[in-house]
Number of protein chains: 2
Amino acid sequence: MTEPQDRRELIVATAAEMFARKGIRATTVREIADAVGVLSGSLYHYFRSKDEIVQEILSEFLEEVRARYAEVLGRGDDCAQTLRELVLASLRVASQRPSATAIYQNQLRYLRDRPEFKEGAAEAQRVWLELIDRGVAEGVFRADIPPRVFYRLIRDAVWMSWRGPQPDGMYSLEELADAITSIFLEGFIARPESAVGTSTAAARRR
Amino acid sequence: MTEPQDRRELIVATAAEMFARKGIRATTVREIADAVGVLSGSLYHYFRSKDEIVQEILSEFLEEVRARYAEVLGRGDDCAQTLRELVLASLRVASQRPSATAIYQNQLRYLRDRPEFKEGAAEAQRVWLELIDRGVAEGVFRADIPPRVFYRLIRDAVWMSWRGPQPDGMYSLEELADAITSIFLEGFIARPESAVGTSTAAARRR
DNA sequence: GTCTATATTGAGATAGAC
DNA sequence: GTCTATCTCAATATAGAC
């Protein structure tokens with residue numbers, strides 16, 4: 001959500017917002033041009049096609065995810081803590097690039113065919129799956145749940161939190177990340193010895 | 001996924017499959033007609049517009065959800081058990097109408113404007129939220145997690161399980177429902193007294 | 001770098017014969 | 001109930017003046 005410096009960035013930012021709101025196909029180049037304040041033909045000075053705009057939006061998004069995940073992994077935290085930080089990192093990307101996030105989530109079909117994005121998506125998946133496998137191996141995570149099932153659940157939970165506008169605005173990113181992590185690690189059942197939940201939540205901000 | 005009897009049903013079923021796979025806008029009436037084995041003009045004998053086909057697919061889906069949820073509620077089970085059964089009921093709808101489910105999940109933007117679907121979606125949401133509120137009130141569910149946050153997480157978990165093709169084919173619906181419910185209620189942390197997980201899972205099939 | 005004007009294509013939908 | 005033929009419109013993209 002950085003303020004666009006030049007025309008090109010303005011076009012990308014404007015298009016991203018409109019794609020997220022109305023969908024890629026439903027947004028015409030004329031509408032984008034209108035919103036930017038130029039005529040449709042002018043867009044083609046910066047981009048060879050509408051699709052090229054989409055690609056720019058999505059590669060920025062995937063690069064951001066890649067960088068943040070790498071940073072989290074570099075810290076060398078334990079499994080539970082790493083999971084927590086991956087959730088938070090994802091939410092940070094989502095809050096920083098809400099439009100790109102929405103596009104990425106909603107236009108999966110659009111992306112399926114484009115090999116250029118396959119790799120980025122696969123790398124993100126690998127990060128999660130390796131973490132889960134490690135946790136299971138260390139006995140920290142349950143072995144009776146198929147890793148892929150857990151991966152899908154937490155992936156969707158994380159990215160879907162941002163479908164609508166800020167989910168119940170009252171929560172900060174950190175609070176939402178805590179809630180998600182806490183549910184996934186400790187469950188929604190009320191426990192007498194709720195000390196587990198408290199201790200790990202408190203441990204988050206090391 | 002019942003075998004279509006007449007032309008009309010065949011058109012709906014074919015269109016649903018294509019909409020789910022390629023998206024609504026990306027699927028043309030000509031393609032639908034081709035797949036059915038007629039020419040595009042003939043479709044308009046059965047439907048006044050492409051949009052009418054979409055509406056038929058989605059109202060069937062919502063009606064199915066409504067009916068199954070009502071049946072679950074009618075059993076009068078306790079909170080945890082009802083939650084479990086709602087998960088299973090949702091997965092059953094998803095497996096019975098995979099195309100409609102995919103369309104419903106992926107075309108939320110398409111649906112946003114249509115008031116005729118708002119009510120059905122709102123009713124389903126009400127079922128989940130009232131259950132969660134009741135569980136919190138009874139002290140069965142945690143009070144420190146905002147109900148709406150939990151609702152969103154489990155809703156997405158349930159419906160998203162069916163985005164791709166059968167998620168890791170090896171699991172039956174019941175097994176997947178058990179895994180999802182178990183994670184959301186008991187968490188992913190390995191516990192020594194894992195008897196909790198075992199007992200509730202065993203209790204599922206009363 | 002932006003505009004005007006337009007080419008081109010593809011989509012949903014219709015009319016009327018069979 | 002289906003086909004042939006076509007209308008109409010909207011969208012991406014281009015060419016070339018300014």
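Each chain gets a letter, A, B and so on, in the order its sequence line appears, and its residues count up from 1.
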Using residues 117-130 of chain A as the side-chain source, report each donor-acceptor pair under 3.5 Å to any protein atom, sequence neighbours left out, with the distance given to one decimal.
| from | atom 1 | to | atom 2 | distance (Å) |
| --- | --- | --- | --- | --- |
| A:K118 | NZ | A:R112 | O | 3.1 |
| A:E119 | OE2 | A:R126 | NH2 | 3.4 |
| A:W128 | NE1 | A:Y69 | OH | 3.1 |

Residue list, side chain to side chain contact (heavy atoms under 4.5 Å, CB included) with A:D34, at least two apart or on another chain: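 None.
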Side chain of A:L39 (C-beta onward), nearest among C:dT2, C:dC3, D:dT2: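 Given the options C:dT2, C:dC3, D:dT2, the side chain of A:L39 is closest to C:dC3.
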salt_bridge(B:D144, B:R142) N-O dist < 4.0 Å: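 Between B:R142 and B:D144 there is a salt bridge, with a charged N closer than 4.0 Å to a carboxylate O.
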Residues that A:F47 engages under ring pair (Phe, Tyr, Trp, His ring centres under 6.0 Å), provided they are two or more places apart: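 Here no residue qualifies.
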Test item: side-chain donor near acceptor, B:T27 and B:E31, under 3.5 Å: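 Short answer, no.
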Given atom [atom1] of [X] and atom [atom2] of [N], what is their separation to the nearest angstrom?
{"X": "A:R8", "N": "C:dT2", "atom1": "CZ", "atom2": "P", "answer": "13 Å"}
{"X": "A:E9", "N": "C:dG1", "atom1": "CD", "atom2": "P", "answer": "14 Å"}
{"X": "B:F47", "N": "C:dA13", "atom1": "CZ", "atom2": "P", "answer": "13 Å"}
{"X": "A:L43", "N": "D:dA15", "atom1": "CG", "atom2": "C1'", "answer": "16 Å"}
{"X": "B:D34", "N": "D:dT2", "atom1": "CG", "atom2": "P", "answer": "15 Å"}
{"X": "B:F19", "N": "C:dA11", "atom1": "CZ", "atom2": "P", "answer": "13 Å"}
{"X": "B:I11", "N": "D:dG1", "atom1": "CD1", "atom2": "P", "answer": "11 Å"}

Does a nitrogen or oxygen in the side chain of [X] sit under 4.0 Å from OP1 or OP2 of [N]?
{"X": "B:H45", "N": "D:dT2", "answer": "no"}
{"X": "A:R7", "N": "C:dT2", "answer": "yes"}
{"X": "B:S42", "N": "D:dG1", "answer": "no"}

Name the pairs: protein N/O against N/O of nucleotides 8-12 of chain D, kept only if under 3.5 Å.
| from | atom 1 | to | atom 2 | distance (Å) |
| --- | --- | --- | --- | --- |
| D:dA11 | N7 | A:R30 | NH2 | 3.2 |
| D:dT12 | OP1 | A:V29 | N | 3.4 |
| D:dT12 | OP1 | A:K50 | NZ | 3.0 |
| D:dT12 | OP2 | A:V29 | N | 2.9 |
| D:dT12 | O4 | A:R30 | NH2 | 3.1 |

Sequence-distant partners of B:E64, salt bridge (Lys or Arg N to Asp or Glu O under 4.0 Å), two or more places apart: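 Here the qualifying residues are B:R68, B:R97.
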With A:R30 via salt bridge (Lys or Arg N to Asp or Glu O under 4.0 Å) - residues at least two apart: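 A:R30 satisfies salt bridge (Lys or Arg N to Asp or Glu O under 4.0 Å) with no other residue.
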